[in-house]
Amino acid sequence: MKVLVINCGSSSLKYQVLDMTSETLLAKGLVERIGLDGSVLKHEKTNVEDKFIQETAMADHKEAIANVMAALVDPVYGVVKSMDEIGAVGHRVVHAGEKYAASVIIDDAVIAALEECVELAPLHNPPNLLGIAACRELMPKTPMVAVFDTAFHQTMPPESYIYAIPYEYYTKYGIRRYGFHGTSHKYVAERAAYMLGVNIEDLKIITCHLGNGASVSAIKRGKCIDTSMGFTPLAGLAMGTRSGDIDPAIISFIADKDGINADEVLNILNKKSGMLGVSGISSDFRDIAEAIGDGDQRAALALQVFAHSVRFYIGAYIAEMNGVDAIVFTAGVGENDINTRDIICNELGNLGIKLDLVKNKVRGKEAVISRDDSKVAILLIPTNEELVIARDTYELTK
Ligand code: AMP
């Protein structure tokens, strides 16, 4: 069975088609600038060098998906003769609140439930819902599945997800820790167990998803028991442009000093903080590394702040799980940034965490990078959220 995976942002759309009998990627692509000037579709068929690039006005997600469908049946770049060959569509959906702890087949009731979650993820859920609506209209007979970023974290115990604020805010408004990147944390934890040849039920794993957005999760016996992101993806680690955890009193302090409102301060914490804010240079770790090479002190400080925040959560989760068997690095920084992995793991030897500096010289492929005498296995595992979405979609609809 062939599965189409769709990940809709506000003005972009990423997709993949996978053959689930062999779990092989047949094609992937990206539509950018939906609803803006200069809409473009970039489509790549596996094992075909040329990319198919289409620059046509695309006013909304429905037009974008119609163009994706045309590329998928194209005689040269396509991977199916007709869209009837697509057995199911899997949609990435960011926020399911407390409504779903696992992926679900989409029907009208699911759409209504996800619409109720829009206030929890006002930037992310609306484009996800637009993508679902467009696909349902264009492929009315094809089953659709929603796979949620929050679902994997629904196993957290209350002491991990309840904030120490008046309890009514939880019951009235749903204010609690939800956590994000769940699909990625789940995938790399399962891969870690596979790579170590140990049943996941017998493992305590800390997964570090370090990309532009970044989060750490504590996974005990295959279940998430804590994660660093919170009510929103602003919490936890210092990130590319996000502050991560700060003293909440800073918000009104900056608002008063600068004569701006809370939303404007939150915008600064989301878009102008993290690596960008501390370094004053860039949110991209490659630029930070270059600036450090040129002797820039604030870039060096930004990297130390980031590494400190990752180490901080690793330490916290070792305490929460009463130990750890494996630490996994994944996502853009975790998979590629040798120096940052080194700085994070440096001086954790007394906790039994010993990085092998030679084995660590690897990028973007599965590897064990701990020393042979390290009690804790350190693993590099490229994430594959699309594969998890395709698998769940296949399992629910086959
Ligand atoms: P993601 O959000 O997972 O796509 O990660 C994107 C981020 O990964 C970029 O903003 C960079 O900071 C980082 N990144 C990607 N490639 C490298 C690399 N080769 N070295 C260091 N950082 C990298």
Side-chain angles (χ1 to χ4, degrees), residues 5 7-10 12-16 28-30 32 42 44 92 94 123-124 149 152 179-189 191 207-217 227-229 232-244 270-294 296 298-307 309-310 328-346 355 357 360-367 369 379-389:
V5 174
N7 180 356
C8 276
S10 55
S12 70
L13 181 168
K14 286 191 232 162
Y15 65 92
Q16 289 193 358
K28 64 177 179 180
L30 168 70
E32 290 173 299
K42 295 175 189 160
E44 253 175 279
R92 177 193 179 208
V94 168
L123 298 180
H124 294 102
D149 275 28
F152 181 62
F180 301 88
H181 296 140
T183 317
S184 175
H185 288 289
K186 176 176 190 264
Y187 174 78
V188 298
R191 280 303 295 172
T207 49
C208 306
H209 177 109
L210 310 180
N212 206 9
S215 63
V216 179
S217 290
T227 191
S228 60
M229 282 181 167
T232 72
L234 178 56
L237 305 175
M239 305 176 217
T241 63
R242 287 175 241 169
S243 63
N270 266 305
K271 302 213 172 117
K272 297 186 177 160
S273 299
M275 305 304 287
L276 173 64
V278 178
S279 72
I281 292 171
S282 171
S283 62
D284 192 305
F285 282 68
R286 289 163 288 198
D287 300 336
I288 298 289
E290 203 182 309
I292 294 172
D294 294 340
D296 191 285
R298 267 177 55 193
L301 176 61
L303 191 59
Q304 290 296 347
V305 169
F306 175 76
S309 72
V310 180
V328 183
F329 288 102
T330 193
V333 178
E335 291 168 25
N336 296 300
D337 196 333
I338 294 165
N339 183 45
T340 300
R341 287 195 302 258
D342 185 359
I343 296 173
I344 292 168
C345 295
N346 202 354
L355 187 74
L357 299 184
N360 185 41
K361 287 195 175 132
V362 58
R363 288 198 169 96
K365 62 176 190 198
E366 287 187 351
I369 55 174
L379 307 173
L380 192 171
I381 304 179
T383 194
N384 195 341
E385 293 164 276
E386 289 79 11
L387 181 59
V388 178
I389 296 172

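As the structure lists them, so they are numbered: ligands from 1, and atoms in each ligand from 1.
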Tell me, with the steps shown, if L210 and L237 meet side-chain contact (heavy atoms from CB on, under 4.5 Å).
-> CA-CA 9 Å; L210 310 180; L237 305 175; 3.7 Å; yes
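- Checking only distances, L210 never comes within under 3.5 Å of ligand 1, N or O to N or O.
- Within the listing of ligand 1, atoms 1 (P), 2 (O), 3 (O), 5 (O) sit less than 4.0 angstrom from a heavy atom of G211.
- Residue F285 has at least one heavy-atom neighbour below 4.0 Å for each of these atoms of ligand 1: 11 (C), 12 (O), 22 (N).
- Among all non-hydrogen protein atoms, the one lying nearest atom 13 (C) of ligand 1 is V333 CG2, 3.6 Å.
- At least one side-chain heavy atom of L234 sits under 4.5 Å from a side-chain heavy atom of S243.
- Summary of contacts: the protein heavy atom closest to atom 15 (C) of ligand 1 is R286 CZ, 3.6 Å.
- Proximity of a side-chain donor or acceptor of D284 to a complementary backbone N or O of R286 within less than 3.5 Å is detected.
- For R341 (side chain) and E335 (main-chain N/O), a donor-acceptor pair under 3.5 Å exists by modelled atom type.
- For E366, the salt bridge (charged side-chain N to carboxylate O under 4.0 Å, His left out) partners are R191, not counting sequence neighbours.
- Under the rule for a ring-ring contact (aromatic ring centres under 6.0 Å, His included), F329 has no partner lying at least two apart in sequence or in another chain.
- With N360 contributing its side chain and I338 its backbone, the two residues share a donor-acceptor pair below 3.5 Å.
- Heavy-atom proximity to D284, at under 4.0 Å, picks out these atoms of ligand 1: 9 (C), 10 (O), 11 (C), 12 (O).
- Short contacts between ligand 1 and G332, defined as distances under 4.0 Å to a heavy atom of the residue, involve ligand atoms 1 (P), 3 (O), 5 (O), 8 (O), 13 (C), 14 (N), 15 (C), 23 (C).
- Ligand 1 has a nitrogen or oxygen under 3.5 angstrom from a nitrogen or oxygen of N212.
- Listed by number with element, the atoms of ligand 1 under 4.0 Å from a non-hydrogen atom of A331 are 3 (O).
- Although no hydrogens or angles enter the test, the distance criterion places no donor-acceptor pair under 3.5 Å between the side chain of T330 and the main chain of H209.
- In this structure, the protein non-hydrogen atom closest to atom 18 (C) of ligand 1 is N336 CB, 3.4 Å.
- Less than 4.0 angstrom separates atom 5 (O) of ligand 1 from at least one non-hydrogen atom of the protein.
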